[in-house]
Amino acid sequence: MDGEKKIRLLDLRTGEIASFVKELGMPEYRAKQIMGRLLLGDDIGDMTSLSKADREKISSVAVSGIPEIVLVRQSKLDETAKFLFKLDDGVLVEAVLMKYSYGYSVCVSSQAGCRMGCRFCASSGIAFSRNLTPGEILGQIVAVNKYKDIKIGHVVIMGIGEPLDNYDNIVKFLRLVTSPEGLNISARKVSLSTCGIVPNIRRLAEENIPLTLSVSLHNPFDSERSEIMPVNKIYPLDELFKACRDYVKTTGRRVTFEYSLISGVNDSKRHAEELARRLSHMQCHVNLIPVNKVKGTGFERPDRTSIERFAGYLEEKGVPATVRRELGRDISAACGQLRKSMTDEAGNPAVIHDGNPGNA
Ligand code: SAH
């Protein structure tokens with residue numbers, strides 16, 4: 001059986017691992033042990049509570065699915081680190097580790113490349129190759145935990161890809177992350193960011209996973225938003241806001257709106273006022289992000305005074321807003337900057353790293 005056809009254990013819930021080992025003639029209770037070791041980032045060969053024969057039997061039909069770390073870039077300014085992973089079929093994706101006062105948070109990728117085409121985002125410049133499986137998304141967290149010997153407490157799905165364009169895998173990933181048999185991270189400590197795929201925002205509201213929904217807004221006018229975010233042509237603002245209001249109603253959770261400020265594009269008083277008008281009476285929060293530089297886009301961030309003025313307009317109208325603090329500035333670890341900086345023109349890792357923390 002070749003590598004690609006093998007089962008990826010990290011894609012499975014404990015019950016599914018139980019059926020799998022049973023089929024191989026092993027007792028079902030092994031499933032819990034296997035899951036425990038997988039979540040520690042161990043490969044099948046390291047699972048010494050299993051006999052050598054059992055490990056071999058499992059390895060002949062399955063792989064652990066822990067992604068290989070091929071490059072780590074550590075910020076010199078703060079504890080931010082960017083990880084480049086190689087998946088089973090050689091596909092490359094990135095994750096970012098951040099340290100906050102409340103603990104470690106990891107930003108994971110949900111797809112290899114992105115189909116959404118947002119004009120300000122580096123991930124739009126990567127050809128879409130495929131969706132990531134639940135285990136490939138989970139594996140990014142597990143691998144970072146093991147590499148740094150830490151315990152990640154918060155997860156943000158804001159890396160490469162559009163999570164709601166990979167719906168079923170994302171929902172299974174969320175269950176693996178939040179369930180007690182999985183990583184047992186509270187859903188309240190998980191944020192999912194979407195450019196606004198309305199039908200799947202509605203489906204997500206019904207999943208009973210109390211995560212924080214972040215919606216990438218970036219412009220309160222349909223015609224202007226469509227220019228920078230093609231998704232708006234399919235799901236325009238009225239539909240998007242209606243889905244967000246319904247999301248708040250169904251889940252009792254407030255929605256966060258991401259607004260990347262771009263000088264001369266969406267940072268005027270006119271924009272702030274329309275944004276406030278659109279958001280009035282909604283339980284929400286606005287995250288203002290000075291746009292991060294991405295080569296070839298020509299977009300620049302406004303100066304400090306303009307950013308504060310924009311935040312001030314929103315506050316005057318009673319819309320809670322914060323300007324996001326930047327981490328990992330020296331390693332292009334910020335929103336919209338993932339993947340390209342770590343790879344050369346052909347998409348290969350710029351520097352191969354052996355995954356040893358001592359060499360990070
Ligand atoms: N596809 C999802 C998640 C990935 S992007 C989404 O669109 O939400 C994560 C966040 O970074 C989004 O809010 C996105 O709009 C924002 N972003 C992308 N490029 C950016 C840039 N150059 N500067 C600032 N924010 C950016």
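Read the numbers this way: they start at 1 and go in the same order the structure lists the ligands and their atoms. Just so you know, these numbers use all the heavy atoms, side chains as well, and skip hydrogens, waters and symmetry mates.
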Ligand 1 contacted by Gly159 (non-hydrogen, < 4.0 Å): yes

Contact atoms of ligand 1, heavy-atom distance to Met158 under 4.0 Å: 4 (C), 5 (S), 9 (C)

Tyr102-His154 aromatic ring centre distance below 6.0 Å: yes

Residue among Leu217, Val291, Asn219 satisfying side chain to side chain contact (heavy atoms under 4.5 Å, CB included) with Asn266: Asn219

In one Ile/Leu/Val/Met/Phe/Trp/Tyr side-chain cluster, 4.5 Å: Leu77, Val72: no

Residue-ligand contact Gly161/ligand 1, heavy atom below 4.0 Å: yes

Residue part near ligand 1, for Thr194, under 4.0 Å between non-hydrogen atoms: backbone

Per atom 3 (C) of ligand 1, closest listed option by heavy atom (Ser109, Ser124, Ser193, Cys107): Ser193

Residue Asn184 excluded, over 12 heavy atoms near CG under 6.0 Å: yes

Where ligand 1 meets Cys195 - atom numbers and elements under 4.0 angstrom, heavy-atom basis: 6 (C), 7 (O), 8 (O)

Close-contact set for ligand 1 against Val291 heavy atoms, below 4.0 Å: 21 (C), 22 (N), 23 (N), 24 (C)

Proximal ligand 1 atoms for Val294, defined as those under 4.0 Å from one of its heavy atoms: 22 (N)

Ring-ring centroid check Tyr247 Phe241, cutoff 6.0 Å: no

Cys121 and ligand 1 - part of the residue with a heavy-atom distance under 4.0 Å: both

Interfacing atoms of ligand 1 (cut-off 4.0 Å, heavy-atom, Glu258): 13 (O)

Close approach of His218 to ligand 1, heavy atoms, under 4.0 angstrom: yes

Polar contact flag for Ala122 and ligand 1 (N/O pairs, less than 3.5 Å): no

Proximity of Phe120 and His218 rings by center, below 6.0 Å: yes

Basic-acidic side-chain contact under 4.0 Å: Arg202, Glu239: no

hydrophobic_cluster_shared for Val93 and Met116, side chain cutoff 4.5 Å: yes

Within 6.0 Å of NZ in Lys86, more than 12 heavy atoms from elsewhere: no

Proximity to ligand 1 by part of Asn292, non-hydrogen separation under 4.0 Å: both

